[in-house]
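One is the number of the first residue; the rest follow in order along the sequence. Counting starts at 1 for both ligands and their atoms, following the listed order.
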Amino acid sequence: MNNFDFHNPTHIVFGKDRIADLATLVPAAAKVLILVGGSSAEKTGTLAEVRQALGSRAHATFTGIEPNPSFDTAMQAVHQVREGGFDFLLAVGGGSVIDAAKFIAAAALFEGDAWDILLKGGANIRRALPFGTVLTLPATGSEMNKGGVITRRDIGAKLPFRSQHVYPQFSVLDPTKTYTLPPQQLANGVVDAFVHTVEQYLTYPVNAPLQDRFAEGILQTLIDVGPRLLTAPEPVYDDRANLVWAATLALNGLIGSGVPQDWATHMVGHELTALHNIDHARTLAIVLPAMLDERRVQKHAKLLQYGDRVWGIRTGNEDERITATIVATRDFFERMGIPTRLSAYGLGAEAIDVLIAQLTEHGMTRLGEHGDITPEVSRRVLQAAL
Ligand code: NZQ
Ligand code: ZN
């Protein structure tokens, strides 16, 4: 096992009717800026519940954080925070609203051009406003981690940042808040959490059997629950609860501690979102099967373990088992209603040159657990994903 630090300060408040707990979770004297996306938090009544729980605390609402949150929108919120003297942020939404809250929390106290935060991947964040979250879409794990992703549409850039200073103080995880999600967002959540787990598990063995078993447990839970979420005539509380907790644990630092991590699929996927506005999880479903096939030599031992323990693939020679494992992964995404080929999103070979140029422009030239996925390797992956 590799050396590691693990320190996760986020207080998880899980279960039905827990939004009322905001009454004690948010400091009594706080001046709160609530951050929401488009209209879902208002329509579902969650925003009203949040406001009620805040009671007599001074608060205002910033609306309009878009999926794949933009730098410009986040900076408008930074302006409101500074002008209004807000000292606590409350993100109510999915990964986009929570990521934006992290960026706004850091940018509000940042001296200089806040775009530098993204150019340095967050390494220059020295402090941030405190904030909490109310999660409405289980997928990203942002509710219990220190990362975020911000987009600048004018230059087609979608850049990640990380900092110890942007862990949420608390996150309210009420599984009933997922009941209003459309099937496409539920499927996105399952696939995003699945690929987060794979990025930290499917590398090379370092004799970390506990992390492996945690990861395999998350993958098996998602495979079990995922298809049922799409077919159930009415939402089933336990399935929603298991999805929420699986998605949180998939990216809260636990399963990635002490093991190598990949993230190449995510970095290539971000370029697809930035240039073609494809949902984050869908980009992963396109890239991952092709990436695994390209990396079958480097990931040989773990692919066999994953096939055996997660998919029960035990017959055939090693090469055949690896092929069957990759096919099973692709089929799972397709069963979740998510197409896994670029062509299904209207993209052909002509799209690849620009994607590779952007990847290079963003410094994504030595990706993967071995740092050997060059732009040429990424090109082969995209070609295989056509
Ligand atoms: O904008 P509103 O109207 O609120 O609607 C949202 C949005 O359109 C809707 N929604 C959310 N909760 C709902 C709901 N609709 C009905 N009922 C509810 N309860 O869902 C749509 C998508 O929301 P979004 O927040 O964009 O989705 P997601 O949670 O998948 O977040 C995606 C973003 O997170 C980033 C992605 O790159 C992307 O920008 N990621 C963040 C990570 C992290 N911080 O660790 C890791 C991930 O790999 C990912 O990169
Ligand atoms: Zn993701």
Show me which atoms of ligand 1 lie under 4.0 Å from any heavy atom of [X].
X	answer
Asn145	43 (C), 44 (N), 45 (O)
Ser39	3 (O)
Leu251	45 (O), 46 (C)

Query raised in the report: Any donor-acceptor pair under 3.5 Å linking the side chain of Gln358 with the backbone of Gly156?
Result: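 Yes, the answer is positive, given that a donor and an acceptor are paired below the 3.5 Å cut-off.
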Query raised in the report: With a distance cut-off below 6.0 Å to the six-membered ring centre and an angular limit of 45° from the axis, does Lys302 pair with Tyr204 as a cation-pi contact?
Result: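 Geometry flag: not set, cation outside 6.0 Å or 45°.
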Query - Phe86 six-ring face occupied by Lys31 cation (under 6.0 Å, within 45°) - result: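 Judged by the rule (NZ or CZ under 6.0 Å from the ring centre, within 45° of its axis), Lys31 counts as positioned above Phe86.
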Query raised in the report: What is the ring orientation for Trp311 with Phe194, classed by angle as parallel under 30°, tilted 30 to 60°, or perpendicular over 60°?
Result: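 Aromatic pair Trp311/Phe194 classed tilted.
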Report task. Assign the ring pair His280 / His266 to parallel, tilted or perpendicular, where the plane angle (0 to 90°) is split at 30° and 60°. Result ->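 Because their plane-to-plane angle lies in the 30° to 60° range, the rings of His280 and His266 count as tilted.
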Say whether [X] and ligand 1 are in contact under the criterion: heavy-atom distance to a ligand atom below 4.0 Å.
X	answer
Val149	yes
Lys158	yes
Gly147	yes

Report task. Quick one: name the protein N/O/S atoms under 2.8 Å from the Zn ion (ligand 2), chain by chain. Result ->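 Hits for the Zn ion (ligand 2) below 2.8 Å: Asp192 OD1, His196 NE2, His266 NE2, His280 NE2.
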Query raised in the report: How far is atom 38 (C) of ligand 1 from its nearest protein heavy atom, and which residue and atom is that?
Result: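 The closest one turns out to be Asn68 OD1, 3.4 Å.
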For ligand 1, is there an N or O atom under 3.5 Å from any N or O atom of [X]?
X	answer
Gly38	yes
Lys102	no
Lys177	yes
Pro69	no
Ile65	no

Requested in this report: Measure from atom 47 (C) of ligand 1 to every heavy atom in His270, His196, Met267 and give the option owning the shortest one.
Outcome: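 Residue with the shortest heavy-atom distance to the ligand atom: His196.
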Query raised in the report: For atom 31 (O) of ligand 1, which candidate among Ser96, Ala247, Gly148, Gly269 holds the nearest heavy atom?
Result: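 Among Ser96, Ala247, Gly148, Gly269, the closest heavy atom to atom 31 (O) of ligand 1 comes from Ser96.
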Distance-only donor-acceptor hits, side chain of residues 46-53, under 3.5 Å, sequence neighbours excluded:
{"residue": "Thr46", "atom": "OG1", "partner": "Thr44", "partner atom": "OG1", "Å": "3.1"}
{"residue": "Glu49", "atom": "OE2", "partner": "Lys177", "partner atom": "NZ", "Å": "2.6"}
{"residue": "Arg51", "atom": "NH2", "partner": "Thr61", "partner atom": "OG1", "Å": "2.9"}

Query raised in the report: Of Ile286, Leu347, Leu355, which is the lone residue that meets side-chain contact (heavy atoms from CB on, under 4.5 Å) with Leu382?
Result: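 It is Leu355, the one option of Ile286, Leu347, Leu355 that forms the side-chain contact (heavy atoms from CB on, under 4.5 Å) with Leu382.
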Query raised in the report: Will you find, in the side chains of Glu66 and Thr73, an N or O donor that is under 3.5 Å from an N or O acceptor?
Result: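 Side chains of Glu66 and Thr73: pair found under 3.5 Å.
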Query - Distance-only side-chain donor-acceptor flag, Asp99 / Ser142, under 3.5 Å - result: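 Present: a donor and an acceptor within the cut-off.
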Query raised in the report: Any side-chain heavy-atom pair from Ile352 and Leu386 closer than 4.5 angstrom?
Result: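 Of all side-chain heavy-atom pairs linking Leu386 with Ile352, at least one is under 4.5 Å.
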Query raised in the report: Taking side chain as C-beta onward, heavy atoms only, is Tyr201 less than 4.5 Å from Leu219?
Result: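 Result yes, sub-4.5 Å side-chain heavy-atom pair found.
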Query raised in the report: Would Asp308 and Arg314 pass as an ion pair if we require N to O under 4.0 Å?
Result: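 Arg314 and Asp308: salt-bridged.
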